[in-house]
Amino acid sequence: MLQNSNLNAFLSRIWRANPVVVLMVGLCPVLAITTTAYNSIGLGAAVSFVLICSGLTISLIRKFVPNEIKIPASMVIIAFYTTFVDYFIQAYFIELSAYLGIFIPLIMANCLLLNSSEIFYSVKNSTTHSFLDAAGFSIGFSIVILLIGSLREILGSGAFMGQQLFQEPVNVMVLPAGGFLLIGILLGILNWFRSRFSEKNDK
Amino acid sequence: MNSKILIKTAASSLKLAFLCMISALLISQLYLAIEPVIKQRKTETLILLYRQVLPNSAWFENKTAGNREFIAGFDKQHVQRGKIVKLNVRDYNGDIEILFGVDQENRILGIKILNADFRINLEDDSSKSDFFKKFIGLKFHDLKLEKNGKDISIIPGADVSSKAYIKALKKAVEEVESINATEQ
Amino acid sequence: MINNTTNPVLIFLSAFVVNNIVLIRTIGLCSFFSMSNSLKSSLNAAVPIVCVNLAATILSWLFYNLALIPYKLEYLKLVSFVLIIVLLVQIQEFILKKVLANYFSTAGNSLSVITANCIILAVLLLNTEYKLDLVNSIIYSLGIAFGYVLAIILFAGMKERVGSAPIPKALKGYPIEFILAGLMSIAILGLRGLFGL
Amino acid sequence: MDYSPILILGALGFTVALVLTGIHCFPGFESVHSGNGACEDPKQNPENISAVIYCAGGNNCSDKYAYQGVETCFAASKIFRGKKECIYGCIGFGDCAQACAEGAISHVKGEIPAVNKNTCTGCGLCVSACPKKIISLVPSKYDVHIKCSSLNAGRYVREICATGCISCGICVKICPTKAIKIENNLAVVNYNKCSNCGLCVERCPANTIERILPVV
């Protein structure tokens, strides 16, 4: 029974309660960085690492932290992992760091992380649950940004993973405005699908 | 306010301070370990860039001529084969840095744009490199950029950028000529 | 790109419209979309952000330049900035709860949103990236905060109009809001290159 | 070994925590803060409370008539005590979700609104908005609730509602802490005795008892 509810929570983070498409948290990097698929894979990996590690650490030290300092404590933990990721990317993926720039430290202030750290504090069945929760969140997040990133790269620069596909692309898709437009249209299509399927289920 | 409250406050403060101390310790150790790697990577990528701009050279050295700074390129026999000039130009998209590679016969070997903000650029890099391709291989006296000389026409219908690059090119020519003058 | 030699007015304009934090840099979108349901709620989100922004800029500048740089501890800036922001947000929450109890009941959850707001952290990081001095960084942070206020107020007004417009069913809610924000972003993009900023 | 980073960040963390905990106990602020202050005794103060809707009917409960009119619970409750056969149950137009200032109640038309425990502040606006008076404020640490308010006899409840309490008494027998009692054909939890074990959730034949966990 317990296993089942854990698994359900894990799966719901991917589709039913997807952080980006449904809950609308952690939007800033989604729009700014997903100009190419490579960038979005990098960002997804960074966010997943910070999310899972901080979730595990917070759920481990939860008992020792009094209520008044739980926000600063979780922020310090998240900031520690973010700094780690920042330096790691600067050292080993220098091209990626040129593109991601300020947005790697800004993972820290992502609403997604703060929201989930609240959950890690409140959840009763400790480490496994928070690990599954964080893993679900990060998988849902990575899938969505990978989708948006590859769409923007194909439409905006006429390429996929650096391979040129066609000439004279729609340049606006690389700009922030294009990101807004693309996510809006994507959400509209998702809504349409959802309403269609729920109608079918009713019948 | 009683003693119980004070003890509780002190305890929680010490807990957070302890947490901060641990993370500071870990971060500082991490930084010590990773900083040399970062520095090495940066120089490596810089040398790669220089090689793209000045393909005939094997190693590079920062030099100054008068009050101007430039990067001299040498081949394996320690013979100077060319020089690289770094320029700042104000573009439509803000400040950009451009690298010009010039060999000893004053022929342009390569042009590379650094430091452009990738996220909010109005045009992609491919159009810029296409624009610069037609200057590669030309000698300085082939592109007299003065009014009465053989002028390079600004691309019709282009925006501020191409004007800015022409300006950068002129600046680079001036710079290299003045460096040559001080060296001799 | 701006630096200490840029004219202060241009620094302000650069942060205010030309490189608008929400529409061009796309930072701080969570509160931008969730708090802009009406003009009043957008102001409720905007005012605390302006105050915290100002205080955080001053405190973090002092801490960065007086404590971190002399000991070569730039790598601790993220952790220390975050602690400063948490401290200021909590203090403001208590002040609002005590002094302006009425305001707090209407502002509601917005304060917890501010804690996670990327804007404040982004301002502090940009200040250190551009190496601005105290006065210029205050000007820059004010510009960014007012840019946020401008964007969220315009957006709230547009959302109210769109709320009563006939739009396709699937686009209702977030999708049409994103498309609106995209159009606003294109409009602001027209100011690009103004004074060469 | 360089100790300056440890000292500086430790000092910053210490001051931050000192100010944050100190502010909780600052004279004049204690009254504002409920529940999690360092200086407060948790027994004396009311804990975090959140609203619970004591009905699980929704689409499981059959309709008396087809209601066409102003879509609020208040208006519908004026006509034959609401459109549902069960006069105690939720009407399902979401007046509580409308009244909630925090946006903590999410609602789909016809279904029972869901209360988000994380964001509910226990202000009680929904309690006064509900025309059926089936919402009450309960400390949020209790998860298990018997979601029915019907005082009808069990046989009648079985006819009209798939998830109503039929006062069978299984939960009373199974409860290890004797927290559940049947009063007027309805099982009621005495929260002071409840241990959140959830044994009754699995054994309830009508699925009336639910465990409500904090959601995102």
Side-chain angles (χ1 to χ4, degrees), chain A residues 29 31-36 39 54 57-58 61 63-103 153 156-159 164 167-169 171-177 179, chain B residues 4-5 7-49 92-93 96-97 112-130 159 161:
Chain A
L31 270 153
I33 286 174
T34 56
T35 48
T36 65
N39 286 353
S54 62
T57 320
I58 289 173
I61 65 154
K63 282 171 195 159
F64 308 106
V65 175
N67 236 332
E68 304 83 47
I69 59 161
K70 79 176 182 190
I71 294 177
S74 57
M75 292 292 239
V76 166
I77 290 166
I78 299 172
F80 165 66
Y81 284 112
T82 316
T83 320
F84 180 82
V85 167
D86 192 12
Y87 284 117
F88 187 77
I89 286 182
Q90 270 184 34
Y92 297 106
F93 299 94
I94 195 158
E95 284 174 36
L96 200 63
S97 82
Y99 276 93
L100 301 187
I102 190 183
F103 283 91
E153 193 180 2
S157 45
Q164 199 71 28
Q167 298 295 320
E168 303 207 349
N171 258 347
V172 78
M173 279 302 167
V174 183
L175 301 177
Chain B
K4 243 185 188 175
I5 299 167
I7 290 168
K8 266 187 174 176
T9 314
S12 60
S13 315
L14 282 176
K15 273 177 188 167
L16 190 65
F18 185 62
L19 194 68
C20 288
M21 281 168 163
I22 291 175
S23 56
L25 179 71
L26 289 175
I27 290 176
S28 63
Q29 291 306 312
L30 172 86
Y31 184 76
L32 284 180
I34 221 165
E35 199 208 0
V37 185
I38 294 176
K39 269 188 180 167
Q40 193 197 340
R41 283 286 169 135
K42 273 187 180 161
T43 48
E44 273 175 17
T45 46
L46 213 58
I47 285 173
L48 271 182
L49 264 180
Y92 189 59
N93 292 317
I96 48 168
E97 269 188 348
K112 190 87 187 170
I113 298 162
L114 297 178
N115 270 9
D117 196 341
F118 301 104
R119 279 177 292 103
I120 43 182
N121 255 1
L122 284 175
E123 56 201 307
D124 55 349
D125 286 316
S126 61
S127 67
K128 283 174 194 165
S129 55
D130 280 351
D159 52 18
S161 287

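Protein chains get the first letters and strands the later ones, always in sequence-line order, with residue 1 at the start of each. Values below: all heavy atoms of this structure, side chains included; hydrogens, waters and symmetry mates excluded.
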Describe, in one word, how the ring planes of Phe88(A) and Phe84(A) are oriented to each other, choosing from parallel (under 30°), tilted (30 to 60°) and perpendicular (over 60°).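 The rings of Phe88(A) and Phe84(A) lie parallel, inter-plane angle below 30°.
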
Among residues at least two apart in sequence or on other chains, which ones pass side chain to side chain donor-acceptor pair (under 3.5 Å) with Thr36(A)?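 Partners of Thr36(A) by the side chain to side chain donor-acceptor pair (under 3.5 Å) criterion, ordered by chain and then number, come out as Asn39(A).
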
Open item on the list: According to side chain to side chain donor-acceptor pair (under 3.5 Å), who are the partners of Ser23(B), at least two apart in sequence or on a separate chain?
Closed with: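 By the side chain to side chain donor-acceptor pair (under 3.5 Å) rule, Ser23(B) matches no residue at all.
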
Looking at Pro72(A), Ser97(A), Ala91(A), Ala79(A), which makes the most heavy-atom pairs under 4.5 Å with chain B?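 The candidate making the most pairs under 4.5 Å is Ala91(A).
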
**Prompt:** Taking all non-hydrogen atoms of both residues, which atom of Val65(A) and which atom of Ala73(A) are closest, and how far apart?
**Reply:**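 For Val65(A) and Ala73(A), the tightest heavy-atom pair comes out as CG1-CB, 4.1 Å.
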
key: Per-residue contacts, residues 39-47 of chain B versus chain A, heavy atoms under 4.5 Å   =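 Under the 4.5 Å heavy-atom cut-off, Arg41(B), Lys42(B), Thr45(B) qualify.
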
Under 4.5 Å from any heavy atom of chain B - which part of Phe64(A):
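Backbone only.
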
Check your understanding: What part of Leu30(B) gets closer than 4.5 Å to chain A, counting heavy atoms only: side chain, backbone, both or neither?
Key ->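 For Leu30(B), the contact with chain A is made by the side chain alone.
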
Quick one: which of Ile78(A), Val85(A), Asp86(A) gives a side chain to side chain contact (heavy atoms under 4.5 Å, CB included) with Thr82(A)?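 The residue from Ile78(A), Val85(A), Asp86(A) that satisfies side chain to side chain contact (heavy atoms under 4.5 Å, CB included) with Thr82(A) turns out to be Ile78(A).
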
> For Phe18(B), which of Ile22(B), Leu16(B), Leu14(B) qualifies under side chain to side chain contact (heavy atoms under 4.5 Å, CB included)?
Replying inline: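 With Phe18(B) as partner, side chain to side chain contact (heavy atoms under 4.5 Å, CB included) holds for just one option, Ile22(B).
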
- Query: What residues, two or more places apart in sequence or in another chain, satisfy side chain to side chain contact (heavy atoms under 4.5 Å, CB included) together with Met173(A)?
  - Reply: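 By the side chain to side chain contact (heavy atoms under 4.5 Å, CB included) rule, Met173(A) matches Leu155(A), Leu182(A).
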
